[in-house]
Amino acid sequence: MLRRRDLLKRGVIGGSAAYLAWRFPSLMPPARAGRLEPFSLPLPIPPVLQPVRRDASGDFYELTMKSGRAQLRDGAATEIWGYDGIWPGPTIRATRGRPTHVRATNLMSRDVNIHNHGHKVPVESDGGPLDVIHPGESRAYVYPNDQNASTYWYHDHTMGNAESIYRGMAGFYLITDPAEDALNLPSGEYDIPLMIQDRTLDGENRLTYGLNEKTIEEGTLGDTLFVNGVAMPHMEVANRKYRFRFLGAANRRTLGLRLGDGDPMIVIGSDGGLLEAPVSLSALPIFNGERWDVVIDFSGYPVGSSVVLHNTRGTELGLSFPPLLPDVMRFDIVRSEPDPSDVPSQLASVERLQPDDAVKTRRFVLEWTDGHWTINGRIYDPARIDAYPVLGTTETWEFENRSDQIHDLHLHLVQFQQLLGPDGQLPPPYRSGWKDTKRILPHIMESIIVPFDGYTGVYVFHCHMLEHAEHMMMGQFEVVGPEGPGASATQPNSSFVCPLPTSTRYG
Ligand SMILES: [Cu+2]
């Protein structure tokens, strides 16, 4: 059988709408009444979760996983799944060094959990894929917050999270600290988290999701961009600086953000903290799981004017055809205000790791093997450890992408830095800070340098294209302390059931 990518290479498909409609009807925008006009709904800001108590040991929160209903456009309300029944879930705000305790209760009819993406946490609170909360049960997670102020996010991480995140199970987790506060960046109501995702609603306003051979290989693409759970919203702003915390939380779609005709976006932070210095960009790629802290200064726009945030990224090598979704959201400059905020030329001190800092180099090959996404030819197996880094040491990890698709490697527990890129060049300044998720472009090798700090134990690393991770581009590393491997907590695996035929498993 001819594969889609063969057809692409031969130019048989060539973007033919007729072919697409026949072969992939789900990719075609359905004809429907009530289709939303861009920028017609206001941007919602997720509520900040309030602690049920505070004491010397930290702040205590309660979160409930349950279904809810949301008005995503005209017509019927949509059933979503969410933390506290909302999409995005409530934002958790934490202060560096002060622990957060979250008691999570699962009121859904399926297993779910919480993984706090980007967090340095003990295994017991990492929320790995098999460490689930069964329906009707509760459990506590403890986050030490012993890490940089930055934008993090929490989401379901069970095997099956491609669907649960698609249906809404993700929220922001922000850490601040006094050093960041002292910079006088835009804050309070001028500090806005923006979760960007693509989704498809059917004629009855239901979120459509289906796993099949195509979506496992290529991922799930939606036909509409949502920001904070609303399709292509607008936001009223003053003519001053705002801080936006962009999160790429799509299942598969990667984005290229452009403001207006290429107006400046000032990047101040990446996944794991502030950059050394602000970087002004006219185009900002954003891949799945990545966060970019960006300041936009609206003082140059007349009150009464608007500027659109566009997506410029459409067709990709190896994908049958993700139609370009050009509209992300619109900013309406509606009032004049003084602006006491600042973007200092020095934001933070970022120690730049050098290749010589690494005590070991490991290579991981990313490819499509016999119907699954694999790392070094192997699918996820919770009984297998792929690497044993030693606590307190630094390693170089090389990712060689032998497939036609982008992958997006995420390591739990750690923050890392990009080393030389595929062209032997240093990463651009905006990608020189701390990261926990790294896109690996097709048919190249890229490397990262990783300090293994914090805790011993078994953690997963995986592609953050959600269907890729679920089928089954995921491995495990065990951070080993002086007592040797196997001495500390592991991800529980008693409930693991491989969703694939056993004949296709690799040893
Ligand atoms: Cu992938």
Side-chain angles (χ1 to χ4, degrees), residues 3-5 8 115 117 128-129 155-166 170 197-198 209 211-222 247-256 271 285-290 313 315-322 362-381 386 397-412 416 418 421-422 435-448 459-477 499-500 504 506:
R3 296 165 58 80
R4 285 180 287 282
R5 63 175 64 120
L8 281 166
H115 168 61
H117 182 123
H155 61 75
D156 181 33
H157 207 316
T158 57
M159 300 301 281
N161 71 344
E163 179 172 10
S164 62
I165 294 177
Y166 184 90
Q197 300 164 302
D198 59 324
Y209 185 82
L211 263 184
N212 53 49
E213 183 190 345
K214 174 185 175 301
T215 55
I216 288 171
E217 182 176 355
E218 299 188 349
T220 297
L221 294 160
L247 161 63
N251 281 41
R252 171 61 184 87
R253 185 181 295 274
T254 61
L255 299 164
D271 302 340
I286 179 163
F287 295 88
N288 306 43
E290 281 189 329
R313 200 173 171 92
T315 309
E316 269 173 26
L317 181 71
L319 273 188
S320 47
F321 206 84
R362 302 180 196 268
R363 173 160 315 184
F364 300 95
V365 174
L366 312 173
E367 59 189 334
W368 178 255
T369 313
D370 289 349
H372 324 296
W373 288 109
T374 59
I375 300 175
N376 288 344
R378 294 166 154 187
I379 65 170
Y380 174 50
D381 179 350
D386 301 279
W397 283 26
E398 299 173 340
F399 293 104
E400 181 184 348
N401 185 350
R402 288 192 196 156
S403 77
D404 289 344
Q405 289 203 33
I406 295 176
H407 299 291
D408 228 0
L409 267 293
H410 169 52
L411 278 64
H412 286 212
F416 52 74
Q418 184 173 332
K435 299 275 299 159
D436 53 49
T437 306
K438 171 81 182 79
R439 62 106 179 87
I440 315 292
L441 297 174
H443 300 293
I444 60 158
M445 194 191 74
E446 291 194 74
S447 53
I448 58 174
Y459 295 84
V460 293
F461 65 105
H462 58 88
C463 181
H464 221 287
M465 307 297 191
L466 298 178
E467 286 80 9
H468 290 186
E470 208 170 285
H471 294 271
M472 307 198 55
M473 191 174 255
M474 181 147 52
Q476 298 186 113
F477 60 91
L500 301 166
T504 60
Y506 283 70

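Start at 1 and go down the list; that is how both ligands and their atoms are numbered.
Between H412 and H157, the gap from one ring centroid to the other is short of 6.0 Å. Between F416 and W397, the distance from one ring center to the other does not fall under 6.0 angstrom. The six-membered or imidazole ring of H462 lies away from that of H468, with a centre-to-centre distance of 6.0 Å or more.
A salt bridge between E218 and R252 is absent, with no side-chain N of the basic residue lying under 4.0 Å from a carboxylate O of the acidic one.
Taking CH2 from W368 and CE from M473, the interatomic distance works out to 9.5 Å, rounded to the nearest 0.5 Å.
Take a cut-off of 2.8 Å around the Cu ion (ligand 1): the protein N, O or S atoms inside it are H407 ND1, C463 SG, H468 ND1.
In this structure, H410 contributes its side chain and D436 its backbone to a donor-acceptor pair below 3.5 Å.
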